[in-house]
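Every heavy atom of this structure was used, including side-chain atoms; hydrogens, water molecules and symmetry mates were not. Computed from a predicted structure; not experimentally measured. As the structure lists them, so they are numbered: ligands from 1, and atoms in each ligand from 1.
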Amino acid sequence: MKPIRVGLLGLGVVGGGTLAILERNREEIARRAGREIIVTRAAVRPVDLERARNRVAGRVELCTDPAEVVNAPDVDIVAELMGGIEPARTLVLQAIAQGKHVVTANKALLATQGNEIFSTAHDKGVMVGFEAAVAGGIPIIKALREGLTANRIEWIAGIINGTSNFILTSMRDKGESFESALKQAQALGYAEADPTFDIEGIDAAHKLTLMAAIAFGIPMQFDRAYTEGISRLTAQDIRYAQEFGYRIKLLGMTRRTAQGIELRVHPTLIPEKRLIANVDGVMNAVLVKGDAVGATLYYGAGAGAEPTGSAVVADLVDITRMATADPGHRVPHLAFQPDQMHDDRVLPVSEIETSYYLRMRALDRPGVLAEITRILADLGISIEAMLQREPEAGEDRVDVIMLTHRTVEKYIDQAIARIESLDSLSGSVVRIRLESLEAR
Ligand code: NDP
Ligand code: HSE
């Protein structure tokens, strides 16, 4: 059988990793796919042309116009590994229009333009593989779309941004500063072109949006995701969390409730006894709760050249195997048949339900704690644990930290507003959400 021919758009971290794997494991991959998979063309920036020439040594035709790769007759699958929305969107749609299959690692593109891309691909009968777009090398899309297909998925919780997890771990274990840890993550090829996507939870929200679509059979609704990053986390809160037996992680959480779908990314206290709380560095983990299987956990490198290339190649092999199958008999892009998608409501963050860590600075005098607990009790919020520090010498104020039981976010909003208006309080109340992640 003739080899299947791949055109790479972008030969950076992921493009380079993909090419390296395809070349190194060429025979093994052909034995699995049933045909050889070869890269025939790649588009790079003019400034990178010389370096790329040295890298591919005549084996791959190089150019600086990605549309040339998309339109080339010797390209069967277009692998979009450039990133960004445009021109990636236009190029992907051009490839689909020509009946070419697409593989992409671009979660920003799919989370924001995926509804259009998948519906166009469905109409044209072509496949769009995106395993690499979520959790790097972990085959989580395959697991959700196929392995767990018997289940009604109840919730997914994931550490799905390698860069922010790397930063949090370096700060906690090595005492690194935020800035220096970020620089290292960038040097290792983990960070997005714009690292605020990593730090502010946007990248994790892109990935969560994709997982929620596949898990619940809903369209991609990135604009309704609640997103809060790690840039305002303090070492003090990380320490207090540890005193209570928790780790703070940037967690993506999506849950099906009677009221609608929760879709949120934020720093979260997780009991340190949970496996997922011990996922460190660039590693990612995704915990999926299905009604039949219970909780399942997927763990692996969340970023980097070859871990991500591994996921790109897995899609290339899948497409190679399925290319001749009738499109109606392939696994649907988003797990559910396109006419079976539901438009369930994504809840505003004020309607989500979770537990909370609250830290406040209060006057060390009788009655203050009673005032605070009265406010919480009036709103039906019960306290699970509390810690009050001794005042430092010469200080009349102390840190008070409370962990609450589960409540609806709007009640915590009201409680914080009332607590902050007390004369006995100074500054604002720090609120970090807490998930016990019990697989009940
Ligand atoms: P890189 O910046 O390392 O590689 C992308 C390459 O594509 C760069 O060399 C870039 O050049 C080039 N490029 C961009 N636009 C064009 C264009 N119009 N014509 C020619 N070349 C172009 O990024 P990554 O490999 O890290 O990421 C690629 C994609 O994979 C992104 O969507 C990212 O989100 C995703 N991803 C990345 C992971 C990782 O670990 N790095 C993991 C999972 C997904 P220039 O730099 O000059 O723009
Ligand atoms: N910047 C992303 C991360 C790359 O750090 O997780 C993998 O998607």
So that I can tick it off, tell me whether K410 and D413 are bridged by a salt bridge, with the cut-off set at under 4.0 angstrom between side-chain N and carboxylate O. no
Could you tell me whether some N/O pair between R45 and ligand 1 is separated by less than 3.5 angstrom? yes
Within-cut-off N or O pair, V13 and ligand 1, under 3.5 Å: yes
A303 N/O to ligand 2 N/O under 3.5 Å: no
Taking only heavy atoms of K107 into account, list the atoms of ligand 1 that are under 4.0 Å away from them. 33 (C), 34 (O), 35 (C), 36 (N), 43 (C), 44 (C)
Side-chain ion pair, E409 and R264, N-O less than 4.0 Å: no
Carefully, step by step, assess R55 and E23 under the rule salt bridge (Lys or Arg N to Asp or Glu O under 4.0 Å). CA-CA 12 Å; R55 164 78 181 75; E23 291 187 333; 3.6 Å; yes
Here the gap from E262 atom CD to L208 atom CG, rounded to the nearest 0.5 Å, amounts to 11.0 Å
Check whether any protein heavy atom sits under 4.0 Å from atom 34 (O) of ligand 1. yes
Salt-bridge test for E154 and R256: reply yes if a basic N is under 4.0 Å from a carboxylate O, no otherwise. no
Applying a 4.0 Å heavy-atom criterion (strictly less than), which segment of V47 is in contact with ligand 1: side chain, backbone, both, or neither? neither
For atom 9 (O) of ligand 1, what is the nearest protein heavy atom, given as residue, atom name and distance? D48 OD2, 3.9 Å
If you have a sec, work out which protein heavy atom is nearest atom 30 (O) of ligand 1 and how many Å separate them, to one decimal? A105 CB, 3.4 Å
Ligand 1 to A303, heavy atom cutoff 4.0 Å, flagged ligand atoms 40 (O)
Need the ligand 2 atom indices (1-based, order shown) with element for anything under 4.0 Å from a heavy-atom of D198. 1 (N), 2 (C), 3 (C), 5 (O)
Are the side chain of E131 and the backbone of K142 linked by a donor-acceptor contact shorter than 3.5 Å? yes
Under 6.0 Å between the ring centres of F118 and F130? yes
Among D198, V69, L81, which one has a heavy atom closest to atom 5 (C) of ligand 1? L81
How about atom 21 (N) of ligand 1: does it have a protein heavy atom within less than 4.0 Å? yes
Counting heavy atoms under 4.0 Å, the part of D203 that contacts ligand 2 is side chain
Answer yes or no for atom 2 (O) of ligand 1: protein heavy atom present at a distance under 4.0 Å? no
Could you check atom 43 (C) of ligand 1 against the protein and tell me its nearest heavy-atom contact, residue, atom and distance included? T308 CG2, 3.3 Å
Is the closest basic N to carboxylate O distance between E36 and R26 below 4.0 Å? yes
Among all protein heavy atoms, pick the one closest to atom 39 (C) of ligand 1 and tell me residue, atom and distance. G189 O, 3.6 Å
For ligand 2, is any non-hydrogen atom under 4.0 Å from N161's backbone (N, CA, C, O), its side chain (CB onward), both, or neither? both
Interfacing atoms of ligand 2 (cut-off 4.0 Å, heavy-atom, G162): 3 (C), 5 (O), 6 (O)
Run the contact test for G304 against ligand 1 with a 4.0 Å cut-off on heavy atoms, strictly below, and give the result. yes
Sub-6.0 Å ring centroid separation between F222 and H206: yes
Determine, using heavy atoms of G136 and all atoms of ligand 2, whether some pair is separated by less than 4.0 Å. no
Students often mix this up, so state it plainly: with edges at 30° and 60°, are the rings of Y226 and H266 parallel, tilted or perpendicular? tilted
Ligand 1 and A305, any nitrogen or oxygen pair closer than 3.5 angstrom? no
If you scan protein heavy atoms around atom 32 (O) of ligand 1, the nearest is G83 CA, 3.2 Å
With heavy atoms under 4.0 Å as the rule, classify the contact between A132 and ligand 1 as side chain, backbone, both or neither. backbone
Hey, is ligand 1 close enough to V14 that some N/O pair sits below 3.5 Å? yes
Any side-chain donor paired with an acceptor under 3.5 Å for T354 and E435? yes
What do you reckon, does E192 have a nitrogen or oxygen under 3.5 Å from a nitrogen or oxygen of ligand 2? yes
What residue and atom, counting heavy atoms only, is the protein's closest point to atom 4 (O) of ligand 1, and at what distance? G12 CA, 3.3 Å
Give the numbers and elements of all ligand 2 atoms closer than 4.0 Å to a heavy atom of K207. 2 (C), 3 (C), 6 (O), 7 (C), 8 (O)
Tell me the contacting part of P66 for ligand 1: side chain, backbone, both, or neither, using a 4.0 Å heavy-atom threshold, strictly below. side chain
Going by the order shown, which atoms of ligand 1 are within less than 4.0 Å of some heavy atom of E192? 33 (C), 34 (O)
